[in-house]
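The sequence lines fix the lettering, A, B, ..., with proteins before strands; numbering per chain opens at 1. What you see is a predicted model; the values in this text were computed from it and never measured.
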There are 2 protein chains.
Amino acid sequence: MVVPQQEVDRRVALYAQALREGGLRSTHQRMEVAREIAMSDTHPDVEAIYRAVRQRVPTISLDTVYRTVGTLERMGLVERVPICSGATRYDANLEHHHHFVCTGCGIIRDLAGAAFEELEITEAAAGFGRVGQITVQVRGLCNECCGQEQHQEEQHREEPS
Amino acid sequence: MVVPQQEVDRRVALYAQALREGGLRSTHQRMEVAREIAMSDTHPDVEAIYRAVRQRVPTISLDTVYRTVGTLERMGLVERVPICSGATRYDANLEHHHHFVCTGCGIIRDLAGAAFEELEITEAAAGFGRVGQITVQVRGLCNECCGQEQHQEEQHREEPS
DNA sequence: GTTACTGCAAACTTTTTGCACGACA
DNA sequence: TGTCGTGCAAAAAGTTTGCAGTAAC
């Protein structure tokens, strides 16, 4: 939740405009779901968006959230995060960037990505087809999980099995 | 299915050995599932593995395939492919490599990946935690889908709506 | 006033789990 | 022969869809 308020407002205004231009209605529910994704930098899944939005719109249903993220995705206003499995997670950051994925807790952080062109890879890919976007996924253990791991090791030394 | 027979045999032998060393039994079903993943370079999902193995072991059940790929994954013998959504897909190629993902048909091809070190990204990631593997995902339209797109455009010119 | 959108419920897909029988070591 | 693995079935998790009432334009 550290996306600057100004950026959140900019994104929400963009969503409203895009919906209007697409001949769709900018309903209360749609705008709250859109705002929730725009506010978050933790790449929430549909369930997390649902829980958060329900604080403000208690009557919203899970399928409306599904339909709304589907609509936003189809309009190119949010993107899916390419991860291994589990629930689909969404990203409102449309600037070209990369991801740090924690293999422990699954948290995904954005890596502000400069344009990336590893020629060797791009050339190899060109053999398979027309190259679009190139994203880098860095897998590793986040600082929190590293801390927990050390903690457990210390406990292990104190009471060995 | 263009993995060289020699490489397939090497992988299957490795799986059998790893199972034995892990105190697990190398059953008929497990070996056939393992062989199927080893043979394929199209990153099959569980359903595809099931269909293929059933040709040879008609009595195998889908949940055995799930359990087997789970076992192989836990032992580090196969890996999940990091994609956006849909069914989980598996990869027997443990060499460090990258992926070309077609946004049209979803086919995933391996990019024989030289060691990749984009310092800028690695440094940014180091702030989030301990960096493990770095993979690049190239999204684009594969040659087949490019061809179909052109074909459709030509038809459009012939009979415009 | 239309028409699209929402909420409910039910279906569908993918994956996991409990249990009894069968097969591996 | 003992124990692990398999097949069956049912359940769980994630997602989609049909329908009738509701709200946006």
*What's the closest nucleotide to the B:Arg25 side chain, out of D:dG14, D:dT6, D:dG2?*
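Taking heavy atoms from C-beta onward, the closest nucleotide is D:dG2.
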*Any idea which of D:dC8, D:dC25, D:dC4 is nearest the B:Ser61 side chain?*
D:dC8
*Decide whether A:Met75 and A:Val69 are clustered together by the hydrophobic rule: side chain heavy atoms of Ile, Leu, Val, Met, Phe, Trp, Tyr closer than 4.5 Å, transitively.*
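Looking at the clustering, A:Val69 is in the same group as A:Met75.
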*Please round to 10 degrees the angle between the axis of the first five pairs and the axis of the last five pairs in the helix from C:dG1-D:dC25 to C:dA25-D:dT1.*
40°
*Between D:dC4 (P) and B:Arg20 (CZ): distance, integer Å*: 18 Å
*Atom-to-atom span, CD of A:Glu47 to P of D:dA12 - whole angstrom*: 16 Å
*Between D:dT15 and A:Thr88, is there an OP1 or OP2 to side-chain N/O distance shorter than 4.0 Å?*
yes
*Output yes when at least one side-chain N/O atom of A:Ser26 is less than 4.0 Å from OP1 or OP2 of D:dC25, else no.*
yes
*Side-chain (B:His99) to main-chain (B:Ile108) donor-acceptor, under 3.5 angstrom*: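 Checked: no pair found.
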*Mind checking which nucleotides bracket the chain A contacts on DNA chain C, 5' to 3', with an atom under 4.0 Å from a heavy atom?*
C:dT3 to C:dA9
_Both B:Leu24 and A:Gly23 contact DNA chain C. Which one's nearest nucleotide lies toward the 5' end?_
A:Gly23
_For B:Ser61 and B:Thr64, which I'm curious about, is there any donor-acceptor pair between the side chains at under 3.5 Å?_
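Yes, side-chain donor-acceptor contact under 3.5 Å.
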Check nucleotides 16-21 of chain D for protein N or O atoms closer than 3.5 Å to its own N or O atoms and list the pairs.
unit_1: D:dG18; atom_1: O6; unit_2: A:Arg67; atom_2: NH2; d: 3.4

